[in-house]
Q: 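First the structure, then my questions, so here it is.
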Protein chains: 4
Amino acid sequence: MEAINVGLVGITGYAGMELARLLAVHPSMRLVMACSRAESGKRLGEYYPFLEKLPGCDVRISQFTPEEVKEKCDLVFLAVPAGKAMQMAPKLLKAGVRVIDFSADFRLQDKAVYEEWYALPHEAKELLAEAVYGLPELYADKIAKARLIANPGCYPTSIILGLTAACKHDLISSKNILIDSKSGTTGAGRKPNLPTLFCEVADNFRAYGLVRHRHTPEIEQEISKLLATPVTLQFTPHLVPMNRGILSTIYAELKDPAMTAEKVWELYHETWKEAPWVRVLPLGKLPETRFVRGTMFCDIGLALDKRTKRLIIVSVIDNLCRGAAGQAVANANLICHRPMDEGLSHTAPLV
Amino acid sequence: MEAINVGLVGITGYAGMELARLLAVHPSMRLVMACSRAESGKRLGEYYPFLEKLPGCDVRISQFTPEEVKEKCDLVFLAVPAGKAMQMAPKLLKAGVRVIDFSADFRLQDKAVYEEWYALPHEAKELLAEAVYGLPELYADKIAKARLIANPGCYPTSIILGLTAACKHDLISSKNILIDSKSGTTGAGRKPNLPTLFCEVADNFRAYGLVRHRHTPEIEQEISKLLATPVTLQFTPHLVPMNRGILSTIYAELKDPAMTAEKVWELYHETWKEAPWVRVLPLGKLPETRFVRGTMFCDIGLALDKRTKRLIIVSVIDNLCRGAAGQAVANANLICHRPMDEGLSHTAPLV
Amino acid sequence: MEAINVGLVGITGYAGMELARLLAVHPSMRLVMACSRAESGKRLGEYYPFLEKLPGCDVRISQFTPEEVKEKCDLVFLAVPAGKAMQMAPKLLKAGVRVIDFSADFRLQDKAVYEEWYALPHEAKELLAEAVYGLPELYADKIAKARLIANPGCYPTSIILGLTAACKHDLISSKNILIDSKSGTTGAGRKPNLPTLFCEVADNFRAYGLVRHRHTPEIEQEISKLLATPVTLQFTPHLVPMNRGILSTIYAELKDPAMTAEKVWELYHETWKEAPWVRVLPLGKLPETRFVRGTMFCDIGLALDKRTKRLIIVSVIDNLCRGAAGQAVANANLICHRPMDEGLSHTAPLV
Amino acid sequence: MEAINVGLVGITGYAGMELARLLAVHPSMRLVMACSRAESGKRLGEYYPFLEKLPGCDVRISQFTPEEVKEKCDLVFLAVPAGKAMQMAPKLLKAGVRVIDFSADFRLQDKAVYEEWYALPHEAKELLAEAVYGLPELYADKIAKARLIANPGCYPTSIILGLTAACKHDLISSKNILIDSKSGTTGAGRKPNLPTLFCEVADNFRAYGLVRHRHTPEIEQEISKLLATPVTLQFTPHLVPMNRGILSTIYAELKDPAMTAEKVWELYHETWKEAPWVRVLPLGKLPETRFVRGTMFCDIGLALDKRTKRLIIVSVIDNLCRGAAGQAVANANLICHRPMDEGLSHTAPLV
């Protein structure tokens with residue numbers, strides 16, 4: 001079997017860093033191009049000392065040009081900010097290269113919603129209908145046929161996976177869904193910035209982006225599809241003094257006030273028992289972010305409050321692996337007709 | 001002025017440790033007795049090296065006896081588990097010593113509610129009517145006349161202070177109040193325990209006590225009083241990999257869908273502008289736990305979601321100072337007719 | 001190829017936990033037995049939720065008996081305290097099972113030294129001559145023929161690898177070698193204990209075991225061999241508020257005061273360029289524990305102080321993977337005539 | 001008594017932040033001027049929300065001008081980088097304002113040494129003879145008469161206090177003094193910078209500045225004075241994933257090989273028993289950075305290695321309070337003929 005040659009645009013962020021480490025040990029993909037304006041010219045192993053003596057460490061970091069992509073790559077990962085990807089993707093697709101985009105540029109199917117929440121005009125709206133939302137558990141078939149993947153946001157991944165079974169089995173009302181999420185600090189990016197300095201984050205906890213976080217419409221789009229009705233929901237993110245991990249505490253009103261925790265668990269278990277990466281914990285157990293660190297797992301804990309008639313779903317993922325780079329590799333595997341979990345069945349230190 | 005002689009039963013926990021440090025620099029109180037079964041016989045400065053060369057370091061740790069309390073103390077702080085305080089308090093009051101109890105034993109005015117949530121028979125129910133809930137912003141007058149103070153729980157302190165203005169000004173519905181709280185790990189106590197080892201907590205985040213945390217009825221009791229109607233609410237706590245601090249994200253439905261953020265802010269500001277320890281942040285700013293670390297402050301941030309018609313209140317306190325030992329000192333000051341903030345107007349490292 | 005059936009005695013500690021995760025993805029080894037007195041009867045995936053849906057999760061935890069080992073295992077890992085391993089190993093060897101011991105019981109070739117530093121009589125001294133010190137870079141050939149491996153201590157691994165090139169090339173004096181080491185908190189074990197609670201370790205730094213840490217004679221034994229002269233050295237460990245990683249700062253007097261940093265680097269590079277797991281950083285770069293997290297790498301940085309005529313070597317490893325479980329797997333690979341790095345060429349999250 | 005009006009130039013760094021918090025509760029000093037180019041125009045409480053409702057919160061941040069200092073201040077603290085202070089100080093002294101400088105500009109009495117290590121020409125060398133090194137335990141009398149104080153560096157403070165008793169009592173050789181120091185991350189400053197982002201520091205440990213850290217000549221200057229002979233020593237700093245605190249592990253050769261730990265302890269105890277801020281721990285106990293957090297204490301632990309004939313001194317301070325802002329306040333107290341510990345006898349959270 002020939003290696004699949006892949007490129008990565010945006011090597012210096014945390015998602016790019018995570019992808020570089022995953023590709024270094026991927027059995028069939030080979031990183032042949034790594035782009036960064038600021039670090040151009042360095043060997044990858046020089047920039048990231050943890051990659052030395054690993055495959056890919058000798059790739060020379062380059063400035064992005066569509067020509068280099070066309071020449072070298074079968075597939076390219078874009079780990080660039082929203083607004084940039086919509087400029088790059090059309091050229092790359094035209095050059096016959098498949099694209100997996102980490103940004104939000106192709107996640108929202110409604111251009112108007114994108115422009116409202118991202119405050120940017122969309123410059124590649126002709127691709128919105130074609131782009132596939134890259135959540136393998138929901139869209140594996142479409143992904144396998146796509147040229148352009150919109151890799152899901154980290155918060156949405158944890159929340160959509162947490163709610164899928166409840167939606168599919170009609171357990172919850174579409175009203176008053178409320179999600180209180182907490183993320184590790186890699187989610188805030190790798191750009192030097194006062195609020196993300198060690199001493200400003202350590203031994204501290206805070207909320208941010210109240211009532212206007214940009215992942216809100218992405219979550220609403222997917223939950224609306226699952227419930228087959230337009231959903232407006234509450235989403236509040238928080239910053240945790242840890243590197244990785246997202247925990248979403250999801251509150252929803254039960255449709256049937258006589259529903260039991262055991263029945264809910266049964267339906268969740270049924271939904272996910274064959275899925276390699278979704279684990280429904282026994283009743284009475286709750287997930288912890290460390291148990292999924294560095295992996296593709298989404299762990300789900302369930303509680304039912306008889307006093308308030310609410311279902312509480314606690315869902316955890318690793319924001320960089322499952323919520324970004326690992327999910328991108330899974331999508332790349334599907335596009336390239338490789339086993340979905342190739343290169344992704346590793347474990348990682350949980351302490 | 002003569003010093004007020006105080007005793008502390010339960011020196012080894014984090015609340016006891018915090019109280020020892022506050023009393024070491026209190027201008028009018030003097031720690032004359034410190035009790036611990038396990039550490040009896042040691043000098044306080046030997047057990048807590050950070051207290052050496054500070055007032056109180058030479059107190060010899062003793063086993064609790066009502067006789068020693070009676071002989072030495074004007075007032076005693078009980079930092080003992082629920083179930084123990086109800087056994088100690090009656091004897092101490094009989095001996096003429098005023099009691100400030102850190103446990104939940106005297107917080108719930110309804111004995112049945114206590115027995116349901118704590119799964120213990122109440123052995124001093126005759127004191128429930130007399131005990132005063134020690135939240136100075138709400139009950140300063142009663143506290144000043146009390147013999148027995150039920151020092152509030154840490155989560156309830158952050159939540160009640162966060163909701164007071166909204167309740168008093170009739171801004172929110174009594175239905176569907178939902179509180180998602182996050183606490184530093186001192187809240188889990190100082191008993192050696194696998195789940196609170198450094199490596200089990202660091203770089204990790206988890207929920208706990210879903211739908212049955214014991215602070216729920218305490219919060220409901222006080223919010224019901226403020227809203228003058230029985231309230232059933234949702235309360236979920238989480239464990240943050242940091243030492244101190246509680247952040248409560250409080251979601252409530254607006255009574256008036258046309259309410260504005262500016263108007264809500266105005267009413268909050270009006271409510272708290274003279275309070276020494278409650279700070280309402282400007283709209284657009286959100287509180288952080290570090291800004292209140294080691295102090296009596298409760299910082300409150302506000303947001304109003306026009307899409308969902310909800311008011312979101314973010315409230316932070318230090319769980320050990322405001323949520324336990326500092327609040328106890330404030331109560332002791334009031335009982336002893338000292339200025340409420342005596343010994344409590346310090347600052348503390350915020351990084 | 002048939003799977004190699006392996007057992008693990010001591011599943012509940014951090015080294016056992018790490019080994020369980022490494023074995024879950026090892027291509028040719030299969031965990032068939034996992035022993036723990038306290039957790040006996042549980043499924044491994046029940047005890048360690050991070051293992052669910054991974055190979056090995058259905059192994060039932062059992063009480064250790066030599067009979068079960070004999071029946072099921074080709075090889076057994078002992079992750080038990082010093083003093084226990086010397087009781088188990090003779091029986092296991094007699095049953096024809098090869099043993100890789102994580103404890104210090106078979107590391108010190110001189111029984112008297114063991115008894116002095118560990119304050120225990122040695123009960124299996126007849127095996128001391130046979131046991132092989134399991135540092136693959138130094139003893140791969142012997143390891144491949146051994147029945148009993150003494151898996152090196154975590155601190156010694158970082159220090160011996162850091163000093164090997166300097167010793168072999170006769171760069172340093174055998175006098176006045178001084179090592180100041182710093183370890184993550186997994187090194188302190190997983191037993192519930194006040195000093196390793198999160199709040200006692202976080203935002204704190206301390207030394208421990210001054211002048212009498214038990215790894216001292218182990219380091220001296222191996223450095224004495226490398227320098228071919230008896231060495232007495234200074235070793236001081238410290239506890240870092242992080243989970244994993246050891247950094248050893250090693251100070252040694254240069255034999256030749258005219259030696260240059262460039263020449264030292266050249267000799268280090270020469271020594272290690274073919275080694276898969278030892279990386280000598282360019283002059284001017286210093287290693288960081290995160291760059292080796294969860295891996296077998298030992299990264300080495302070098303500086304030469306012209307003012308003091310000292311060579312300073314900074315060496316980092318992951319204490320649980322390279323310093324315990326991963327090194328044990330490498331030894332098992334060698335014993336079983338598998339490629340040394342089988343199952344060990346993974347990456348791990350560095351943030 | 002009239003308040004002493006003080007100014008602070010450099011409000012945005014961690015030392016400036018710490019000084020602002022200390023001055024907010026100082027009984028006789030009043031912050032009347034706070035300078036920062038970047039934040040000019042804001043209220044201090046707006047920039048530092050933790051200061052709201054505290055004295056000083058209404059000071060308006062201004063751009064530094066000597067005129068404003070002259071008009072408003074009796075004394076000014078300079079928390080500006082090396083190179084800036086030497087430009088500001090002469091003008092301020094000329095205007096009759098006393099100066100406490102946090103930078104290194106006036107610490108090194110030998111201009112040539114300054115210029116070598118700081119790679120800057122010294123522009124105010126005429127003040128070097130006059131400036132007093134502001135370590136109160138050594139130079140209180142001179143400080144009380146000074147116009148210009150060179151506030152000591154954080155590492156030197158911990159090391160000089162750790163070595164004073166050993167030097168004064170002639171316990172150690174002047175050769176082969178070796179200091180391995182570890183600092184919290186506030187020591188790296190508050191400028192946004194990739195290497196000090198939370199995710200680059202958390203769960204990580206590294207050395208830096210090997211063989212050329214700028215505090216080296218400062219330490220050598222003071223230890224040379226104490227030993228009355230020129231000293232060349234080894235100093236290596238490390239970065240700890242915690243906010244505050246410095247721990248220095250100091251290794252020195254005993255002059256008398258028959259010296260005992262008990263005798264050393266006796267001499268240390270004798271030296272420091274009357275000092276309010278230096279605590280010599282009992283033999284067998286070691287200091288921890290948290291025990292001095294936010295305070296002026298320097299805690300010292302001692303061990304004597306009979307095998308290597310070395311004295312090991314472990315010394316801890318809080319780098320921002322004792323190692324910068326608090327020490328500056330102590331110096332200001334002395335200059336202003338106030339009790340040395342005024343405003344500094346607080347405690348701070350140790351967890």
Side-chain angles (χ1 to χ4, degrees), chain C residues 176-184 195 197-212 216 220 232-236 238-247 249 251 253 261 284 286-291 293 301-308 310 312 314 316 349-351, chain D residues 176-184 195 197-212 216 220 232-236 238-247 249 251 253 261 284 286-291 293 301-308 310 312 314 316 349-351:
Chain C
N176 290 324
I177 297 173
L178 189 153
I179 303 135
D180 191 284
S181 290
K182 299 86 179 174
S183 172
L197 289 185
F198 180 83
C199 299
E200 310 286 314
V201 171
D203 212 29
N204 191 30
F205 190 86
R206 60 183 175 89
Y208 68 100
L210 259 71
V211 319
R212 55 182 169 70
T216 308
E220 289 180 346
T232 299
L233 47 73
Q234 193 80 53
F235 168 62
T236 310
H238 300 75
L239 190 74
V240 186
M242 63 180 183
N243 282 354
R244 285 174 179 247
I246 280 178
L247 182 145
T249 312
Y251 302 89
E253 296 179 2
L286 292 173
E288 311 192 13
T289 57
R290 60 179 172 148
F291 291 143
R293 185 180 302 139
L302 299 165
L304 188 150
D305 193 339
K306 289 191 174 308
R307 300 165 74 247
T308 63
R310 278 203 196 87
I312 308 180
V314 182
V316 305
L350 71 151
V351 293
Chain D
N176 289 325
I177 297 173
L178 189 153
I179 303 137
D180 191 283
S181 289
K182 299 89 179 173
S183 173
L197 288 185
F198 180 82
C199 300
E200 309 285 314
V201 172
D203 212 28
N204 190 31
F205 190 85
R206 60 182 175 91
Y208 68 99
L210 258 73
V211 319
R212 55 182 169 71
T216 309
E220 289 181 345
T232 298
L233 47 74
Q234 193 80 53
F235 169 61
T236 309
H238 300 74
L239 189 74
V240 185
M242 64 179 181
N243 283 354
R244 289 175 177 244
I246 281 178
L247 182 145
T249 313
Y251 302 88
E253 296 178 2
L286 291 172
E288 312 192 13
T289 57
R290 63 182 171 146
F291 291 144
R293 186 180 301 140
L302 299 165
L304 189 149
D305 193 339
K306 289 190 174 309
R307 298 166 75 246
T308 63
R310 279 203 197 86
I312 307 179
V314 183
V316 304
L350 71 150
V351 292

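Quantities reported herein were computed from a predicted structural model and do not represent experimental measurements. Proteins get letters first, then strands, A, B, ... in listed order; numbering begins at 1 in each.
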Q: Among D/K306, D/R212, D/E288, which has the most heavy-atom pairs under 4.5 Å with chain C?
A: D/E288

Q: What are the two closest heavy atoms between C/V211 and D/A303, and how far apart are they?
A: CG1-CB, 4.1 Å

Q: If we define contacts as heavy-atom pairs under 4.5 Å, which of D/V314, D/L239, D/N243 has the most with chain C?
A: D/N243

Q: Kindly give the heavy-atom pair with the smallest separation between D/P241 and C/M242, and that separation in Å.
A: CG-CB, 4.3 Å

Q: Heavy-atom distances under 4.5 Å only: say whether D/R244 touches chain C with side chain, backbone, both or neither.
A: backbone

Q: Under 4.5 Å from any heavy atom of chain D, what part of C/S183 do you find: side chain, backbone, both or neither?
A: neither

Q: For D/Y251, is it the side chain, the backbone, both, or neither that has a heavy atom closer than 4.5 Å to a heavy atom of chain C?
A: side chain

Q: Using non-hydrogen atoms only, which part of D/I246 is less than 4.5 Å away from chain C: side chain, backbone, both, or neither?
A: neither

Q: Under a 4.5 Å cut-off applied to non-hydrogen side-chain atoms, are D/R307 and C/E220 in contact?
A: yes

Q: Can you tell which part of D/E200 gets under 4.5 Å to a heavy atom of chain C, answering side chain, backbone, both or neither?
A: both

Q: Can you tell me which of D/D305, D/V316, D/V351, D/D180 forms the most heavy-atom pairs within a distance under 4.5 Å of chain C?
A: D/D180

Q: Between D/D203 and C/R290, is there a donor-acceptor pair closer than 3.5 Å when you use the side chain of the first and the backbone of the second?
A: no

Q: Against chain C, work out which of D/I312, D/L304, D/L247 has the most heavy-atom pairs shorter than 4.5 Å and name it.
A: D/L247

Q: Which pair of heavy atoms, one from D/L286 and one from C/Y208, lies closest together, and at what distance?
A: CD1-CA, 3.9 Å

Q: What closest approach, in Å, do C/F205 and D/T289 show between heavy atoms, and which atom pair accounts for it?
A: N-OG1, 3.0 Å

Q: Counting C-beta onward and ignoring hydrogens, is there a side-chain heavy-atom pair between C/N176 and D/E253 closer than 4.5 Å?
A: yes

